[in-house]
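The structure under discussion appears below in the form of structure tokens.
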Amino acid sequence: MRLFSRALLLALPALVSSKAILGVDMGSLYMKVALVQRGAPLEIVTNFHSKRKTENMILFDAGTRFYGADASSLLARKPLKTPVQMSLMLGRDEDHPCVATLGERHFPVTPKFNETRNGLSLSVDNQDYTPEELVAMVLHHSKDMAQTYIGELGKDAKAAPADCVLTVPAFFTVHERRALLDAASLADLNVLGLLEENTAAALHYAMDKQFPEDQIFVFYNMGGTAVQVSVVKLHNYNMTSGLSSKPKTVGALEVLSKAWDATLGGQSFDHRIVEYLADEFNAKWDKQRNDGKKKDVRTVPRAMTKIRLQANKVKHVLSANMEIPIFMDSLHDDCALSTLMTRAKLEELCVDLIERATKPVYQALEYANITLSDVHGIEMIGGGMRIPRIQTDLKKALNDIELGMHINADESMALGAAFHGANLSTAFRVRHVGLLDVNPFPIRITLKELETEEQKKGLFGGGGKKKKDDGEEVWGKNATILKAFGKLGVKKTIAFTHDKDIHCALDYEEAETLPEGTPLGIDRFNITGVEDFAKEMEEKNLGKPKVALQFQLTDSGLTKLLKAEATVEEMYTVEEEVEVDDDEADDEASNATNTKEEEADADAKTEDAEDKKEEEATADEVNATEANETDTDANATSEKADEKPVKKKKKKTITQTKEKKRVHKRALTVKTYNVGKVQPYSAELLAESKAKLQALAKKDKERVLLEEAKNKVESYVYHIKNKLVDDEENIGKVSTEEQRAEVLKLAEDAEEWMYEDGSTADLATTEDKYAEISVPAEKIFNRVKEMTARPEAVVAMKGRLTKVGELMTKWETTMPQVTEEERGEVLKLVDDVTAWIKEKEEAQSKVEAHEDPAFTSAEVPIQIKPIEVLVAKLKRKPKPKPPKKNETDANATDTNSTNATDAEETNSTEAKDADSENETADEPAEGEAKEDGEKEEAEADPEEGESKKDDEL
Ligand SMILES: *[C@@H]1O[C@H](CO)[C@@H](O)[C@H](O)[C@H]1NC(C)=O
Ligand SMILES: *[C@@H]1O[C@H](CO)[C@@H](O)[C@H](O)[C@H]1NC(C)=O
Ligand SMILES: *[C@@H]1O[C@H](CO)[C@@H](O)[C@H](O)[C@H]1NC(C)=O
Ligand SMILES: *[C@@H]1O[C@H](CO)[C@@H](O)[C@H](O)[C@H]1NC(C)=O
Ligand SMILES: *[C@@H]1O[C@H](CO)[C@@H](O)[C@H](O)[C@H]1NC(C)=O
């Protein structure tokens with residue numbers, strides 16, 4: 001079965017079960033975030049502006065950061081502080097064609113190679129940032145968005161979504177995927193898996209469908225900066241889960257091939273318009289100035305940013321209209337740009353791009369080894385399809401096949417990713433969809449002997465058999481372990497016989513599919529321990545070790561060396577005396593031998609089980625001999641077993657010669673490192689970046705707090721001014737002329753301060769200013785409130801006290817278990833509160849209306865707390881048991897003594913019940929006590945239901 005349930009991603013951090021999983025589709029221009037929560041449908045997370053997509057950019061201003069629309073709205077004013085399309089730079093060098101487009105398209109912030117970090121870095125707002133850091137910031141922003149969104153939904157706001165699936169372009173190599181994972185780790189995201197954009201969209205498409213007939217679909221995705229095409233087979237798959245249950249038919253998708261154009265996207269078309277408009281402007285500008293100097297608006301970042309924004313608008317308008325007039329007043333140097341753009345002109349400017357747009361379709365079909373007639377349908381995704389001409393050309397190229405628009409072009413990738421996350425996570429039970437993706441890049445392994453210090457002179461570069469200086473053959477092997485378009489998730493084992501330590505290299509092979517600018521080196525492994533093991537074995541007169549290296553290309557498209565071990569098999573014979581029943585002697589003897597054989601093979605079997613998905617590498621030279629050797633061993637053993645002729649009929653003891661196998665096994669030591677100009681993040685760099693991001697986060701937080709504090713001062717100033725007017729009459733009753741003048745003056749001074757010192761004040765100063773104006777004003781405003789609130793509180797309290805008194809009287813008959821003394825305690829407390837009120841009211845009568853009050857309305861209700869506690873406690877007191885059954889007189893009173901013990905027993909068990917409930921209940925103890933009391937009362941005497949209401953204080 002080629003399909004598999006993707007239960008676990010070995011390459012990624014341990015799965016943490018949580019309540020929410022994010023699917024983050026970080027396109028080069030926009031980021032979309034989907035969310036899956038238990039018991040809720042898949043949904044798109046809206047951002048802080050209630051939008052479903054967020055601009056993928058960050059604006060740095062005086063050390064603080066702005067994201068999405070906040071950055072975008074300032075972009076034209078501060079283009080030098082706004083890096084864009086950061087994900088393009090991940091794991092790449094500055095001359096990578098995708099990175100180079102940034103400069104070609106006149107983006108002012110471009111990365112440079114940084115020797116210190118072996119990778120790119122960008123300088124923005126007087127700080128250097130790595131692409132990983134910038135992407136981490138945007139990813140972190142997505143997490144913030146999701147947390148706020150979940151909070152707004154009124155769901156469990158504590159479920160901070162940190163588990164996610166990220167989408168990647170089809171052409172992302174291991175280097176780029178690793179850099180993205182580093183960014184995610186900086187953003188404190190737990191990545192459950194990486195999923196290719198088209199695969200995610202296909203998954204979203206297939207997730208609620210079944211395909212009784214196999215169907216081949218082409219997914220065509222023109223995004224902002226790239227075109228990606230996938231050929232996907234959709235079919236049904238009978239899934240067996242558990243032993244007894246019947247197979248369940250689920251939909252499944254299998255990616256057959258993919259192709260792309262990594263530098264052709266919506267933005268390529270914008271760029272053609274930009275160039276055209278820039279030329280138009282230059283011509284006008286030249287004429288206007290007429291000073292003979294050569295001028296180019298392309299060197300003016302602000303003007304270029306405006307032109308770029310305009311170009312995008314023009315493209316959108318031309319998708320529905322045939323022409324659009326363009327006028328940009330004083331674009332630069334008091335010179336305006338005014339021109340007309342037609343759809344025909346746009347198509348003329350982009351004729352080569354339009355042609356390029358269909359190429360990946362043919363290429364993908366060719367890689368899949370199918371023809372157009374095999375294609376059931378084509379589905380369009382991505383936000384770059386704004387040029388009607390591309391659609392008509394595509395249709396023509398595809399034999400007039402209808403271009404399917406059944407998928408949400410913008411959001412299906414994020415949704416598919418979130419759904420995939422739910423499928424990967426153990427915390428969710430979602431519909432299963434089979435998923436099989438492929439890796440388009442062939443990967444080669446090269447083995448050679450690990451150089452010793454004196455050999456380390458670059459004598460033998462590649463693998464293969466070369467000669468050492470003294471003519472001895474140098475050991476070396478190489479093979480393609482992963483073919484182009486091989487399955488993701490597959491494990492491959494390379495096995496060979498060797499007795500020296502090994503250097504192993506994993507590299508991309510030069511191939512048509514491999515993106516230009518991809519460094520070939522993936523991983524280097526120094527594998528030691530072979531030589532020592534070989535020597536030990538030699539001393540035992542055993543053969544050379546068999547070394548097995550198990551690699552995996554994970555479901556996320558990452559390479560991994562899972563296992564490196566050396567084994568030596570030792571065959572030996574033993575003479576064993578066995579007593580056999582002559583009748584079945586033959587059978588038993590061979591059975592016995594078979595058992596032994598199985599034992600010996602056990603190791604090999606477990607390995608097989610582990611390597612369910614494993615395929616032996618195709619490189620015959622590497623492992624074919626070894627495979628044969630194993631076979632021979634096995635045959636030899638079984639032959640010998642068969643040769644045992646024990647045919648006598650009686651019980652007897654025989655001597656058997658048994659061949660046994662002992663496997664010596666040694667785990668090898670592996671040191672992994674990377675080569676090449678651009679290197680993955682080191683542990684040191686990761687720590688450095690983490691600290692840097694934390695410092696920035698702190699600054700952002702301070703900015704938010706300062707903003708809030710400033711708003712508080714401002715709104716309080718208006719609050720004072722309004723209130724003095726609106727509530728003039730009442731304020732007059734509780735304040736003096738001077739008090740009012742003081743408050744007003746403070747407010748007016750603060751208002752002035754806000755526009756002067758306040759605009760640059762720090763958080764502490766701003767908070768002090770708030771206190772300065774609010775404290776005296778609040779005193780007056782509170783007195784206004786208290787004018788009515790205080791007497792009301794007193795009246796309410798007196799009413800409640802009266803009720804308690806009435807309740808005590810009633811309890812004399814309804815609650816005989818409460819003693820008079822206990823009721824007396826309650827009444828004593830009532831008296832205390834009554835006295836407190838009296839005392840406070842007297843004190844208040846001596847206070848002037850414009851002075852601080854003797855007591856406030858808030859102090860009053862809490863006075864009753866001790867009474868409530870005591871009453872609740874008494875309420876729980878169990879009723880005396882009714883007299884025993886055999887006693888005819890139900891009203892007998894002299895059974896008290898026996899009942900007393902009963903009551904005690906009941907009491908103790910009930911106490912236990914209450915305890916055990918306590919363990920599960922979340923409510924505070926007090927509320928619970930009340931609940932229990934009521935419950936018990938209801939059980940004890942259902943008729944008393946009415947009086948229960950009366951008991952409420
Ligand atoms: C290069 O990278 C190092 C390490 O991240 C950083 O400290 C330095 O500022 C960077 N330099 C430039 C010129 O980007
Ligand atoms: C799945 O099982 C059904 C009936 O058990 C069978 O008709 C169908 O052919 C099977 N499909 C596949 C893809 O194996
Ligand atoms: C392509 O498919 C055809 C038949 O559909 C088959 O004969 C041929 O071997 C395939 N070629 C490759 C390279 O898989
Ligand atoms: C791996 O071995 C080579 C020698 O073949 C040595 O130069 C290199 O430093 C080693 N790397 C590690 C990480 O051990
Ligand atoms: C792979 O091995 C073959 C011979 O076994 C040799 O001709 C070739 O150069 C080797 N290739 C690499 C990249 O080492």
Side-chain angles (χ1 to χ4, degrees), residues 58 60 63 80-81 83 86 89-95 99 102-103 107-137 178-179 182-183 185-186 445-464 466 468-469 474-478 498-507 521-532 547 549 559-561 564 667-696:
I58 314 170
F60 291 84
L80 291 169
K81 298 191 168 194
M86 290 78 70
M89 306 168 204
L90 289 172
R92 293 173 176 170
D93 195 2
E94 62 186 318
D95 52 14
V99 180
L102 288 170
F107 286 98
V109 189
T110 49
K112 295 267 172 303
F113 186 76
N114 180 335
E115 305 273 349
T116 330
R117 72 135 301 195
N118 293 312
L120 296 180
S121 71
L122 293 85
S123 184
V124 196
D125 203 27
N126 301 319
Q127 251 283 26
D128 292 324
Y129 298 101
T130 65
E132 284 89 342
E133 286 164 355
L134 296 173
V135 170
M137 292 176 198
R178 281 181 183 156
D182 285 335
S185 127
L186 288 175
I445 183 174
T446 306
L447 299 169
K448 55 183 186 178
E449 262 165 32
L450 191 61
E451 291 172 40
T452 54
E453 282 308 315
E454 63 269 23
Q455 288 172 326
K456 218 199 272 175
K457 300 232 161 64
L459 278 175
F460 8 85
K466 295 188 185 172
K468 280 187 193 174
D469 283 352
V474 176
W475 179 85
K477 290 176 187 298
N478 70 58
H498 197 57
D499 58 0
K500 296 270 167 38
D501 289 347
I502 301 153
H503 180 269
C504 167
L506 276 192
D507 294 284
I522 301 175
D523 288 313
R524 297 289 177 269
F525 306 99
N526 285 359
I527 302 167
T528 52
V530 187
E531 194 159 348
D532 290 348
V547 178
L549 306 176
T559 51
K560 221 181 164 206
L561 173 54
L668 301 172
T669 307
V670 178
K671 284 220 173 89
T672 308
Y673 64 104
N674 297 96
V675 289
K677 190 176 168 200
V678 175
Q679 298 257 329
Y681 248 51
S682 63
E684 296 77 41
L685 196 53
L686 197 70
E688 191 186 300
S689 287
K690 260 209 158 113
K692 199 159 136 194
L693 293 180
Q694 270 162 10
L696 281 167

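Remember, it's 1-based here, ligands and their atoms both numbered in the order they're listed.
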Note: [X]-[Y] ion pair, threshold 4.0 Å (strictly below):
| X | Y | value |
| --- | --- | --- |
| Arg117 | Glu132 | yes |
| Arg524 | Asp507 | yes |
| Asp95 | Lys677 | no |

So, is Tyr673 polar-close to ligand 4, with some N/O to N/O distance under 3.5 Å?
-> no
Do Lys477 and Ile445 touch side chain to side chain, with heavy atoms closer than 4.5 Å?
-> no
Tell me, which protein residue and heavy-atom name are nearest [atom], and how many Å apart are they?
| atom | value |
| --- | --- |
| atom 6 (C) of ligand 1 | Asn114 ND2, 4.0 Å |
| atom 13 (C) of ligand 1 | Asp128 OD2, 3.8 Å |
| atom 14 (O) of ligand 1 | Ser121 OG, 2.6 Å |

Proximity of Lys671 to ligand 4 by residue part, where a heavy atom lies under 4.0 Å =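 Within the 4.0 Å criterion, Lys671 contacts ligand 4 through side-chain atoms alone.
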Is ligand 1 less than 4.0 angstrom away from at least one heavy atom of Glu115?
-> no
Give a yes/no verdict on whether any heavy atom in Leu685 is under 4.0 Å from an atom of ligand 1.
->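 Leu685: in contact with ligand 1 (<4.0 Å).
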Counting heavy atoms only, name the option from Lys692, Gln127, Glu688, Glu133 that's nearest to atom 4 (C) of ligand 1.
-> Glu688
With atom 1 (C) of ligand 4 as the reference point, say which of Asn526, Ile502, Ile527, Leu450 has the nearest heavy atom.
-> Asn526
Look at the side chain of Asp501 and the backbone N and O of Glu531, then say whether any donor-acceptor pair between them is shorter than 3.5 Å.
->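 Yes, Asp501 side chain to Glu531 backbone: donor-acceptor pair under 3.5 Å.
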Which ligand 4 atoms are under 4.0 Å away from a heavy-atom of Glu451?
-> 4 (C), 5 (O)
Phe60-Tyr129 aromatic ring centre distance below 6.0 Å =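 Yes; Tyr129 has its ring centre under 6.0 Å from that of Phe60.
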Test Leu90 against every option in Thr130, Val99, Val135 by the side chain to side chain contact (heavy atoms under 4.5 Å, CB included) rule and name the one that passes.
-> Val135
